[in-house]
Amino acid sequence: MKMYTAVVTGILFPLHERLKHHTTVAVHREMERSQWWDAARLADFQLTRLRALLQHAQAHVPYYRTLFAKLNFDPVAIADLHDLARLPLLTKADIRVHLDALKADNAVGLARFNTGGSSGEPLIFFIGRERVSHDVAAKWRATRWWGVDIGDPEIVVWGSPIELGKQDRIKQWRDKLLRTRLLPAFEMSARKLDDFVAEIRRVRPKMLFGYPSALAHIAHYADERGIAMNDMGIKVAFVTSEALYDHQRAQIEKTFGCPVANGYGGRDAGFIAHQCPAGGMHLTAEDIIVEIVDANGQVLPHGESGEIVVTHLATGDFPFIRYRTGDIGVLDDTPCACGRGLPLLKAIEGRSTDFLVAQDGTVMHGLALIYVIRDLPGVRQFKIVQESLTHTRILLATDAVFDEANIGKIEAGIRQRLGEGVRVEVERVNEVAKEKSGKYRYVISHVVP
Ligand SMILES: [Zn+2]
């Protein structure tokens with residue numbers, strides 16, 4: 001370990017965390033050990049913590065006190081993780097309605113957060129210190145799987161306006177100390193991209209962190225200008241928050257000369273899973289219980305695909321119990337070659353808003369339409385907006401090699417999947433605008449399945 005990194009991990013970061021009343025360092029120490037536990041021991045640990053969370057919720061969180069009384073539910077009597085299924089799912093709408101009743105009466109230092117939410121509607125929720133410590137510790141552990149530690153220089157390509165709004169003095173001090181450099185992803189003009197490429201070369205990061213679309217975009221830009229980015233010793237590119245496509249992975253790996261580690265999680269649901277060098281997407285099982293449910297909310301057996309529902313065990317201050325993420329995934333029981341006991345999540349199929357509804361009622365993943373457009377030569381950017389069951393708009397940015405005859409192919413391909421009666425409108429644009437968050441969404445549907 002380099003001297004500066006050693007000082008940061010050993011002294012400065014623990015001090016920073018203590019000043020903020022976080023227990024990250026202790027949590028991380030435990031996580032380094034528990035990642036090697038076997039499935040039975042991890043499940044046992046989850047059960048103990050689940051019981052404690054539910055008891056705490058009953059004693060201190062008005063929403064759960066009322067709910068448990070109504071259901072005649074006794075947290076002490078929980079004998080098995082399957083008992084969790086006796087509680088209802090928590091939706092974003094529930095959080096919106098019961099925002100205040102979800103706060104623990106003894107919570108201190110709750111921070112307010114706001115995400116775009118799956119439908120583009122903002123979701124407001126609160127995060128307590130315990131949870132911050134656990135989420136930061138989980139990320140820290142995952143970076144160490146790739147030989148990166150806290151204090152190693154890191155470039156973060158991110159767009160959340162909240163993160164940027166919080167550029168107060170403490171945060172700037174922290175970022176400088178921890179050598180984290182934030183590049184805002186929502187504006188990617190050629191001038192900005194020149195700056196980004198220069199900044200990455202100046203910082204010589206050990207790690208890149210960001211949206212796959214943003215990192216792939218920067219990589220492609222550097223490539224086109226013949227700027228080498230693979231000579232800085234970047235160890236890994238962590239991508240998260242969007243679906244990772246093969247062509248993005250290939251572009252990032254080629255340009256930066258490092259592997260891509262896919263991650264899954266969010267401010268709301270927590271640091272759910274991250275890829276290890278052996279390829280397994282490991283759940284943060286000490287903190288998060290993942291259930292997969294069908295369209296009726298019934299729990300599905302491992303191996304079957306359904307909506308990802310999470311219970312975050314470090315959320316006593318503002319509980320996330322059986323929270324519906326809107327994402328689709330599969331739990332995988334095969335052990336990972338790396339030897340860690342943390343169970344695996346596979347095939348995260350993207351946000352539920354990536355789903356489209358055909359005229360005959362078929363719900364399909366956005367990829368079904370993405371494939372119609374993505375691989376046509378000359379397509380630079382696109383966005384599919386399903387306005388209604390009878391109207392879909394395609395925003396399309398192309399370059400010189402694009403063959404105009406392909407417009408007809410796109411229209412036919414979309415109609416073939418969504419229904420022959422659908423009006424497909426292709427709008428040519430120079431640039432497809434990103435979401436306010438800086439995230440790039442390929443498919444948006446305004447049709448409720
Ligand atoms: Zn592994």
The single option from Phe318, Tyr63, Phe126 passing ring-ring contact (aromatic ring centres under 6.0 Å, His included) against His98: Tyr63

Measure from the side-chain N and O atoms of Glu411 to the backbone N and O of Val426, and report whether any donor-acceptor pair falls under 3.5 Å. no

Please say whether the positively charged group of Arg141, taken as NZ for Lys or CZ for Arg, lies over the ring of Phe271, i.e. under 6.0 angstrom from the six-membered ring centre and within 45 degrees of the axis. no

Would you find a donor on one side and an acceptor on the other, under 3.5 Å apart, between the side chain of His282 and the backbone of Leu342? yes

Electrostatic pair Arg380-Glu224, nearest N-O below 4.0 angstrom: no

Can you check whether Tyr245's main-chain N or O pairs, donor with acceptor, with Gln248's side chain at less than 3.5 Å? yes

Does any N or O in the side chain of Thr398 come within less than 3.5 Å of the main-chain N or O of Gly378, such that one atom is a donor and the other an acceptor? no

Taking the six-membered ring for Trp, are Phe113 and Phe125 parallel (under 30°), tilted (30 to 60°) or perpendicular (over 60°)? parallel

Would you say Asp94's side chain and Thr91's backbone share a donor-acceptor pair under 3.5 angstrom? yes

Report the relative orientation of the aromatic rings in His274 and Phe238; use parallel for angles under 30°, tilted for 30 to 60°, perpendicular for over 60°. parallel

Please check this pair: side chain of Asp332 against backbone of Thr334, looking for a donor-acceptor N/O pair closer than 3.5 Å. yes

Has Asp360 got more than 12 heavy atoms of other residues, nucleotides or ligands less than 6.0 Å from its CG? yes

Classify the angle between the aromatic ring planes of Trp140 and His28 as parallel (below 30°), tilted (30 to 60°) or perpendicular (above 60°). parallel

May I ask you to decide if Thr23's main-chain N or O and Arg129's side chain share a donor-acceptor pair within less than 3.5 Å? no

Are Arg423 and Glu387 within salt-bridge range, i.e. N to O under 4.0 Å? no

What I want to find out is whether Lys235 reaches Asp149 closely enough, with some N-O distance under 4.0 Å, to be called a salt bridge. no

Look at atom CG of Asp38 and say whether more than 12 heavy atoms of other residues, nucleotides or ligands are closer to it than 6.0 Å. yes

